[in-house]
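Let me begin by presenting the structure, written as structure tokens, before commenting on it.
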Amino acid sequence: MLIYNTLSRLKEEFRPLNPPFVTMYMCGPTVYDYFHIGNSRSFIMSDIVRNYLVYKGFKVKFVMNLTDIEDKIIKKSIEKNIPAEEVSQFYTDAFFEDINKLKVKKADIYPKATAHIQEMIELILLLEKKGIAYNVNGDVYYDVKNFDSYGKLSGKKIDELESGARVDVDERKNNSLDFSLWKKAKQSEPSWDSPWGKGRPGWHIECSAMSTKHLGETIDIHAGGNDLIFPHHENEIAQSEGANEKEFVKYWMHFGFLNIQNEKMSKSLGNFFTARDVLARHSVEAIRLFFCQTHYGGPLNFSDELLTAAQKGVDKIINLAERLDNDINKAEVNGSTPIFVFNKFYSDFETVMDDDFNTPQAAAVIFDFVRAANKIIDENPNSCKTFLINLKEFLKKTADEVLGVIHLEDLNKRVSPSLETELINLILNLREDLKKEKNYKLADEVRNKLNELGLIVHDSKTGAVVKRK
RNA sequence: GGCGCUGUACCCAAGUGGCUUAAGGGGAAGCUCUGCAAAAGCUUUAUUCGUCGGUUCGAAUCCGACCGGCGCCUCCA
């Protein structure tokens with residue numbers, strides 16, 4: 001199995017430190033606002049990576065941090081005149097709501113920055129002891145010149161970065177690239193006691209401290225968006241490897257941006273839709289298939305039209321699943337067992353997913369399977385139950401449990417009986433009688449009236465099928 | 001200025017030296033089914049991969065030049 005490692009810029013054979021265990025850390029949200037649909041791409045793609053590792057038999061421990069103390073949270077708390085904890089708690093709740101709707105599986109642990117202040121302080125002390133951190137009147141900085149391999153992840157060289165730096169140079173720093181480990185408290189800001197006085201942690205230190213605490217000094221996979229490569233992940237390496245003198249991460253994975261009209265979707269540009277907005281217009285399945293149909297590392301343009309197109313693809317898979325459910329109920333136990341190349345479809349799926357999670361190809365395998373399955377059902381109307389169950393099992397294992405582009409359990413929920421469905425069936429049965437009497441005028445009128453009520457009636461060989469608009 | 005990504009059919013998009021004279025989805029067209037309509041299924045749909053040169057028995061895939069799009073270097077998934 002190959003994974004593209006940002007560190008080496010190569011696809012590398014995946015060899016976790018202690019197989020079958022895999023440790024995976026994903027940079028989570030700063031809880032200062034609802035996350036946008038671009039952020040969802042990273043959450044969903046990391047979910048798929050994790051699901052596939054589980055499919056392959058790995059025991060994955062997945063950690064996602066919650067940054068609950070940070071400039072933007074403080075800014076919002078001042079604007080709204082409410083405590084910072086209230087801001088972060090509100091958006092943490094919203095985060096979990098949205099992530100559930102996106103069918104992203106829960107992480108094993110969601111460590112919060114504010115619950116790990118002590119660990120961060122200890123890490124900074126260690127860096128200070130090693131001479132790669134320095135204190136300037138209560139502000140503690142990381143000294144990049146004292147970490148030899150600074151820049152190895154982003155491919156940057158310290159000298160070049162300095163000359164191209166766009167930010168105003170902070171006179172107190174030794175080097176303009178030095179970054180905050182500990183920020184001295186300003187008035188009315190949340191703060192914690194520390195050996196350097198009251199203050200709060202810098203942004204990067206939390207990931208180093210929390211990934212070490214929950215996953216160990218060296219972790220297998222660390223993932224996040226492309227924009228985190230520099231400076232965030234570069235700084236994490238500097239902190240963790242500077243302190244522990246051990247390799248921090250074996251495989252760095254980065255996800256491409258979601259663009260709008262070829263521009264990166266971002267809060268600062270204002271060209272974004274929140275995940276909850278998009279979920280109000282499109283299904284999770286359409287969103288997930290849309291993301292799957294392009295490789296995780298490249299850019300992807302967002303538009304409602306593309307999501308609508310993805311929905312059609314989802315429907316195609318769901319139609320087969322529903323057809324199978326229907327046939328499984330009717331099928332004979334001792335029917336025929338057609339010859340079908342299950343192994344080929346499973347091995348094709350694995351081959352492409354093994355190649356750096358090629359989800360577009362994986363989706364292609366699923367669509368090929370859908371076509372082949374429809375064909376074989378057409379050609380073998382008397383297939384046995386087991387055969388049909390095996391067909392459904394393929395969809396469950398791949399499209400549902402790994403990619404999450406369909407959710408079979410939700411389909412089952414849809415057919416629960418109620419008075420409403422009983423009444424609809426009654427009307428449809430009466431309409432069948434009208435059709436038998438060739439009273440098409442009245443039959444069509446019934447169909448039109450139902451349509452006005454939001455129910456679409458499709459006649460088929462086995463009787464009318466009704467769908468909600 | 002530095003580093004990196006990218007340009008494949010009407011749209012989205014995979015493929016990075018021969019298995020591909022290029023997957024898959026959407027769209028379009030045809031067929032099957034059918035009282036009609038719709039739905040669904042099946043079939044078809046790029047001799048061609050930004051442009052121009054080069055390497056090679058062989059290139060969308062490697063090299064060079066050029067044209068276009070984007071990202072990071074400041075908070076950002």
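FYI, side chains are in, hydrogens and waters are out, and symmetry mates aren't considered; it's all heavy atoms of this structure. Throughout, a chain's letter reflects where its sequence line sits, starting with A, and its residues are numbered from 1.
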Q: Examine B/G27: is either OP1 or OP2 under 4.0 Å from a nitrogen or oxygen in the side chain of A/Lys312? Give yes or no.
A: yes
Q. Does the side chain of A/Lys264 get closer than 4.0 angstrom to OP1 or OP2 of B/C72 through an N or O atom?
A. yes
Q. Closer to the 5' end of RNA chain B via nearest nucleotide, is it A/Ala310 or A/Tyr440?
A. A/Ala310
Q | 5' priority, RNA chain B, between A/Lys435 and A/Gly313 [closest heavy atom] | A | A/Gly313
Report the distance from atom [atom1] of [X] to atom [atom2] of [Y], rounding to the nearest 0.5 Å.
{"X": "A/Leu391", "Y": "A/Ser383", "atom1": "CG", "atom2": "OG", "result": "8.0 Å"}
{"X": "A/Leu177", "Y": "A/Glu234", "atom1": "CG", "atom2": "CD", "result": "10.0 Å"}
{"X": "A/Tyr110", "Y": "A/Phe62", "atom1": "OH", "atom2": "CZ", "result": "7.5 Å"}

Value in whole Å for how far the [atom2] atom of [N] lies from [atom1] of [X]:
{"X": "A/Glu234", "N": "B/G4", "atom1": "CD", "atom2": "P", "answer": "14 Å"}
{"X": "A/Asp368", "N": "B/G25", "atom1": "CG", "atom2": "P", "answer": "7 Å"}
{"X": "A/Leu269", "N": "B/C70", "atom1": "CG", "atom2": "C1'", "answer": "12 Å"}
{"X": "A/Leu403", "N": "B/G24", "atom1": "CG", "atom2": "P", "answer": "17 Å"}
{"X": "A/Phe257", "N": "B/C5", "atom1": "CZ", "atom2": "P", "answer": "14 Å"}
{"X": "A/Leu428", "N": "B/A38", "atom1": "CG", "atom2": "P", "answer": "19 Å"}
{"X": "A/Leu258", "N": "B/C5", "atom1": "CG", "atom2": "C1'", "answer": "16 Å"}
{"X": "A/Asp71", "N": "B/C75", "atom1": "CG", "atom2": "P", "answer": "9 Å"}

Q) B/C3 base to A/Arg9 side chain: any donor-acceptor pair below 3.5 Å? A) no
Q: For A/Ile339, look at atom CD1 and say whether over 12 heavy atoms of other residues, nucleotides or ligands are found less than 6.0 Å away.
A: no
Q | A/Ser240 side chain to A/Ile237 backbone, donor-acceptor under 3.5 Å | A | no
Watson-Crick or G-U wobble partner for [N], using a 3.5 Å limit on both distances?
{"N": "B/G53", "result": "B/C63"}
{"N": "B/U20", "result": "none"}
{"N": "B/C3", "result": "B/G71"}
{"N": "B/C36", "result": "none"}
{"N": "B/C31", "result": "B/G41"}
{"N": "B/A46", "result": "none"}

In whole angstrom, give me the gap between the [atom1] atoms of [N] and [M].
{"N": "B/U34", "M": "B/U45", "atom1": "P", "value": "28 Å"}
{"N": "B/G18", "M": "B/C62", "atom1": "C1'", "value": "14 Å"}
{"N": "B/A40", "M": "B/G25", "atom1": "P", "value": "14 Å"}
{"N": "B/A9", "M": "B/G15", "atom1": "C1'", "value": "15 Å"}
{"N": "B/A65", "M": "B/U61", "atom1": "P", "value": "16 Å"}
{"N": "B/G71", "M": "B/C66", "atom1": "C1'", "value": "22 Å"}
{"N": "B/A60", "M": "B/U44", "atom1": "C1'", "value": "24 Å"}
{"N": "B/A46", "M": "B/C42", "atom1": "C1'", "value": "22 Å"}

Q.
Students often mix this up, so state it plainly: with edges at 30° and 60°, are the rings of A/His233 and A/Trp252 parallel, tilted or perpendicular?
A. tilted
Q: Look at the rings of A/Phe387 and A/Phe342 and say which category their plane angle falls in: under 30° parallel, 30 to 60° tilted, over 60° perpendicular.
A: perpendicular
Counting the atoms with a prime plus P, OP1 and OP2 as sugar-phosphate, which does [X] contact under 4.0 Å by heavy atoms, base, sugar-phosphate, or nothing?
{"X": "A/Pro29", "value": "nothing"}
{"X": "A/Met265", "value": "base"}
{"X": "A/Ile377", "value": "nothing"}
{"X": "A/Ile229", "value": "nothing"}
{"X": "A/Gly297", "value": "nothing"}
{"X": "A/Ala309", "value": "sugar-phosphate"}
{"X": "A/Gly224", "value": "sugar-phosphate"}
{"X": "A/Asp444", "value": "base"}

Q.
Taking the minimum atom-to-atom distance to the side chain of A/Phe367, which one of B/C73, B/C70, B/G25 wins?
A. B/G25
(Q) Taking the minimum atom-to-atom distance to the side chain of A/Lys72, which one of B/G71, B/C75, B/C73 wins? (A) B/C75
Looking at [Y], I'd like to know if the NZ or CZ of [X] sits under 6.0 Å from its six-membered ring centre while staying within 45 degrees of the ring's axis.
{"X": "A/Lys435", "Y": "A/Tyr440", "result": "no"}
{"X": "A/Lys101", "Y": "A/Phe96", "result": "no"}
{"X": "A/Lys264", "Y": "A/Phe257", "result": "yes"}
{"X": "A/Lys397", "Y": "A/Tyr55", "result": "no"}

Q: Name all residues meeting the side chain to side chain contact (heavy atoms under 4.5 Å, CB included) criterion together with A/Thr294; count only those two or more places apart in sequence or in a different chain, and write none if there are none.
A: A/Arg41, A/Leu300
(Q) Counting C-beta onward and ignoring hydrogens, is there a side-chain heavy-atom pair between A/Val365 and A/Phe345 closer than 4.5 Å? (A) yes
Q: Using a 4.0 Å cut-off on protein heavy atoms (strictly under), produce a 5'-to-3' string for nucleotides 39-46 of chain B with B for base contact, S for backbone-only sugar-phosphate contact, and - for none.
A: SSSSS---
Q. Nucleotide by nucleotide, 5' to 3', does protein get under 4.0 Å of the base (B), only the sugar-phosphate (S), or neither (-) in nucleotides 8-16 of chain B, counting heavy atoms?
A. ----SSBS-
